[in-house]
There are 2 protein chains.
Amino acid sequence: MSHDPQMAARVWRGLRTLVLERYDRRKEVTAALDMSFIRAKALRHLAAAPMTMRQLAAVLATDAPYTTLVVDDLVRRGLVVRDVHPDDRRQKIVTATPEGEKTAEIAERILGEPPPPLLDLDPADLATLDRILATLVK
Amino acid sequence: MSHDPQMAARVWRGLRTLVLERYDRRKEVTAALDMSFIRAKALRHLAAAPMTMRQLAAVLATDAPYTTLVVDDLVRRGLVVRDVHPDDRRQKIVTATPEGEKTAEIAERILGEPPPPLLDLDPADLATLDRILATLVK
DNA sequence: TGAAAAGATTGTATCCGTACAACTAAGGGG
DNA sequence: CCCCTTAGTTGTACGGATACAATCTTTTCA
């Protein structure tokens with residue numbers, strides 16, 4: 001069976017509409033945490049796993065100098081701490097504090113809350129979506 | 001049958017990963033059009049349908065003054081024109097020029113290109129996705 | 001007709017983010 | 001040991017975006 005390129009395009013458009021237009025919670029997060037979205041993103045990643053500055057810069061897709069500013073701000077807020085890497089004194093390991101973990105969780109809850117139509121979806125369809133998505137994001 | 005909230009959350013996370021992390025083409029668009037993403041977004045909407053400044057501001061989720069700057073820039077590039085509304089001389093109708101339509105189409109092609117895993121998807125699953133998405137974005 | 005409201009523009013201030021240059025400290029290899 | 005590389009920081013400059021005040025024209029309506 002061959003593909004219907006129009007169908008693939010329509011599906012992609014639907015996915016983008018859902019995520020980017022209908023249920024984009026960025027502003028909610030910045031309002032709830034009172035920080036820019038990139039700071040919240042940094043905090044979420046750091047809460048998931050401690051990281052060096054270099055790794056964090058890669059995750060944020062920004063350069064090292066700006067990463068320093070972001071982490072400076074998070075440290076000032078008491079949400080993360082910077083420690084020297086035990087095996088390489090050049091590197092700093094950034095770790096979320098308990099307070100930082102709590103804050104990151106607030107962001108996760110806002111961003112991760114499934115939109116109403118997804119919650120109202122027919123359970124069989126939801127399971128199907130789950131299966132298909134597993135292959136798509138694999 | 002009752003819902004599995006974990007499944008809904010997992011599906012939502014998958015959707016976000018796909019659209020926001022794996023196949024975000026914003027930078028491609030800004031590079032191809034040599035303009036900020038919000039300008040490209042304005043141009044795409046204007047190419048789809050002429051609009052007043054007020055309507056465009058709403059679409060862009062920005063305020064009227066900044067919308068003026070964005071449209072000024074698009075006019076300067078010859079991609080849109082501003083005309084007085086025939087029924088209300090206070091309003092301006094912004095319309096894409098033929099050149100603007102061509103440029104918008106480039107952006108649409110970049111953003112609308114379905115990601116590889118979607119093109120490689122089993123046709124039956126693609127059709128299922130199409131059906132489910134139609135209910136989700138309805 | 002005169003006051004109030006709406007649409008758009010101009011101007012200003014500020015923050016966010018990107019990009020670079022320059023520098024310090026530490027590690028690695030000849 | 002010296003040179004080169006790497007990690008991180010500091011500083012600067014600039015464009016992008018948000019927010020707000022003020023102004024002008026046009027429309028609406030009492």
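The structure presented is a predicted model; accordingly, all values stated were derived computationally and were not measured. In what follows, chains carry the letters A, B, and so on, assigned in the order in which the sequence lines appear, proteins first and then strands, with residues in each chain numbered from 1.
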The complete set of side chain to side chain donor-acceptor pair (under 3.5 Å) pairs with one or both residues in residues 124-138 of chain B, sequence neighbours excluded, reads Arg10(A)-Asp130(B), Asp125(A)-Arg131(B), Arg131(A)-Asp125(B)
Can you check each nucleotide of nucleotides 18-30 of chain C against protein heavy atoms at under 4.0 Å and return B for base, S for sugar-phosphate only, - for none, in 5' to 3' order?
BBBB----BS---
Among all residues two or more places apart in sequence or in another chain, which pass the side-chain hydrogen bond (donor to acceptor under 3.5 Å, both in side chains) test with Arg25(B)?
none
Between dT9(C) (C1') and Arg76(B) (CZ): distance, integer Å
14 Å
Whole-Å distance separating the CZ atom of Arg39(A) from the C1' atom of dC16(C)
8 Å
Could you note down all residue pairs passing side chain to side chain donor-acceptor pair (under 3.5 Å) where residues 92-101 of chain B supplies at least one of them, sequence neighbours left out?
none
For DNA chain C, find the residues of residues 45-58 of chain B with a heavy-atom distance under 4.0 Å and give them by number; none if there aren't any.
Thr52(B), Met53(B), Arg54(B)
Whole-Å distance, His85(B) NE2 to dA6(C) P, equals 17 Å
With sequence neighbours left out, what residues match Thr52(A) under side-chain hydrogen bond (donor to acceptor under 3.5 Å, both in side chains)?
Gln55(A)
Going by side-chain hydrogen bond (donor to acceptor under 3.5 Å, both in side chains), name the residues that satisfy it together with Arg26(A), two or more places apart in sequence or in a different chain.
Asp24(A)
Distance-only criterion, 3.5 Å: show the donor-acceptor pairs between side-chain atoms of residues 68-83 of chain A and protein atoms not counting sequence neighbours.
residue  : atom : partner  : partner atom : Å
Thr68(A) : OG1  : Ala64(A) : O            : 3.4
Asp72(A) : OD1  : Arg82(A) : NH2          : 2.2
Asp73(A) : OD1  : Arg76(A) : NH1          : 3.4
Asp73(A) : OD2  : Arg39(A) : NE           : 2.9
Asp73(A) : OD2  : Arg77(A) : NE           : 2.9
Arg77(A) : NH1  : Asp34(A) : O            : 3.1
Arg77(A) : NH2  : Asp34(A) : O            : 3.1

Who are the side-chain contact (heavy atoms from CB on, under 4.5 Å) partners of Ala8(B), not counting sequence neighbours?
Pro114(A), Leu119(A), Leu126(A)
Does anything in residues 40-60 of chain B form a salt bridge (Lys or Arg N to Asp or Glu O under 4.0 Å)? List the pairs, not counting sequence neighbours.
Arg44(B)-Glu108(B)
If the cut-off is 4.0 Å, is Arg82(B) near the phosphate of dT9(C), judged by side-chain N/O to OP1 or OP2?
yes
Which is the 5'-most and which the 3'-most nucleotide of DNA chain D that has an atom under 4.0 Å from a heavy atom of chain B?
dG16(D) to dT27(D)
For Arg90(A), check salt bridge (charged side-chain N to carboxylate O under 4.0 Å, His left out) against everything at least two apart and list the hits.
Asp88(A)
Spell out, as yes or no, whether a donor-acceptor pair under 3.5 Å connects the side chain of Arg89(B) to the backbone of Val84(B).
no
